[in-house]
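Let me begin by presenting the structure, written as structure tokens, before commenting on it.
Numbering of ligands and ligand atoms starts at 1, following listing order. As the structure is a computational prediction, the values presented were derived from the model and not from experiment.
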Amino acid sequence: MPENKYKRVILKLSGEALAGEQKTGFHLPTATAICESIKKAAALGVEIGIVVGGGNFWRGRSSQYMDTVRADHIGMLATAMNAIALADVLESIGCEVRVQTTLPITAIAEPYIWQKTLRHFAKGRIVIFGCGVGRPYYTTDSAAALQAAELSADILLKATMVDGVYDKDPNVFDDAVKLKEIRHIDMLTGELAVLDGTAAAMCRERKIPIRVFNLQDPDNIYRACLGEDIGTLVND
Ligand code: UDP
């Protein structure tokens, strides 16, 4: 049986990752493949917290017709929808899961309580976090960094649509080179934007390693949870 390197990880899944080819909404086969990979890692004893985005349901922040705060409120509710849908898929394949949200919607999900999360981990449950940090102007990247810090995760795993960090945009430059490892400071200089600035600063300050990897192959979640050297590692 393979050995897992990490005791506890925070996995950041964007809303887009759950939309599959259709690019919008919740695509059950895509989500199921992702969940199967999470299940395999959890079965090895890795404690997994998932911070989920909402971009597949709502991208209203830049709308000129709506106040940003309002748009962000809706965005946070979109992340809660994904959290609930993801929990349902994980449960359907036999995982024990809890959804916690930073905005109280207690008829549907638990409020986020640090000690309760730790208790869930101790009982082998996967915890999905909805509503980001619970305030507008933030992103779920920031929420993921915050959860990784607050829950003393060994690493923040950022599943993306590209297979790591490149020295320049691989969609524009043929000679772009994938970087196996970069430093936290590199993310703050703008060129290698793995996370948004707030999240990057938090990870740097708390010395949280980040692995950026491709979700085109959902099994990469399992590999990343085990500590395999895939994608790009951000570390000091
Ligand atoms: N959001 C917010 N505060 C947070 C996290 C998210 O206001 O702490 C809102 C914001 O409108 C954001 C949306 O929720 O655009 C969805 O989150 P995000 O863009 O991070 O999702 P992703 O791009 O990862 O799917």
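Atoms of ligand 1 found under 4.0 Å from any heavy atom of G53, numbered from 1 in the order shown, are 21 (O), 22 (P), 24 (O), 25 (O). Close approach of ligand 1 to V133 (heavy-atom distance below 4.0 Å) involves ligand atoms 4 (C), 8 (O).
Take N56 and apply the side chain to side chain contact (heavy atoms under 4.5 Å, CB included) test, not counting sequence neighbours, and it matches L18, A19, N82. Residues passing the salt bridge (Lys or Arg N to Asp or Glu O under 4.0 Å) test with K7 are E47, sequence neighbours excluded.
Atom 18 (P) of ligand 1 has as its closest protein heavy atom T140 OG1, 3.4 Å. Atom 5 (C) of ligand 1 has T139 C, 3.4 Å as its closest protein atom, hydrogens excluded (heavy atom only). In terms of protein heavy-atom proximity, atom 24 (O) of ligand 1 is closest to K12 NZ, 2.9 Å.
For CD of Q22, the number of neighbouring non-hydrogen atoms (other residues, nucleotides, ligands) closer than 6.0 Å is greater than 12. More than 12 heavy-atom neighbours from other residues, nucleotides or ligands sit within 6.0 angstrom of CZ on R8.
Between the side chains of H184 and R204, not a single donor N or O lies within less than 3.5 Å of an accepting N or O. Side chain to side chain, K178 and T232 fail the donor-acceptor criterion of an N or O pair below 3.5 Å.
Within the structure, ligand 1 has P136 among the residues with a heavy atom less than 4.0 angstrom away.
When heavy-atom distances to ligand 1 are checked against a 4.0 Å cut-off, H73 has no atom that comes that close, whether in backbone or side chain.
Relative to atom 14 (O) of ligand 1, the option among A80, S14, G75 with the closest non-hydrogen atom is G75.
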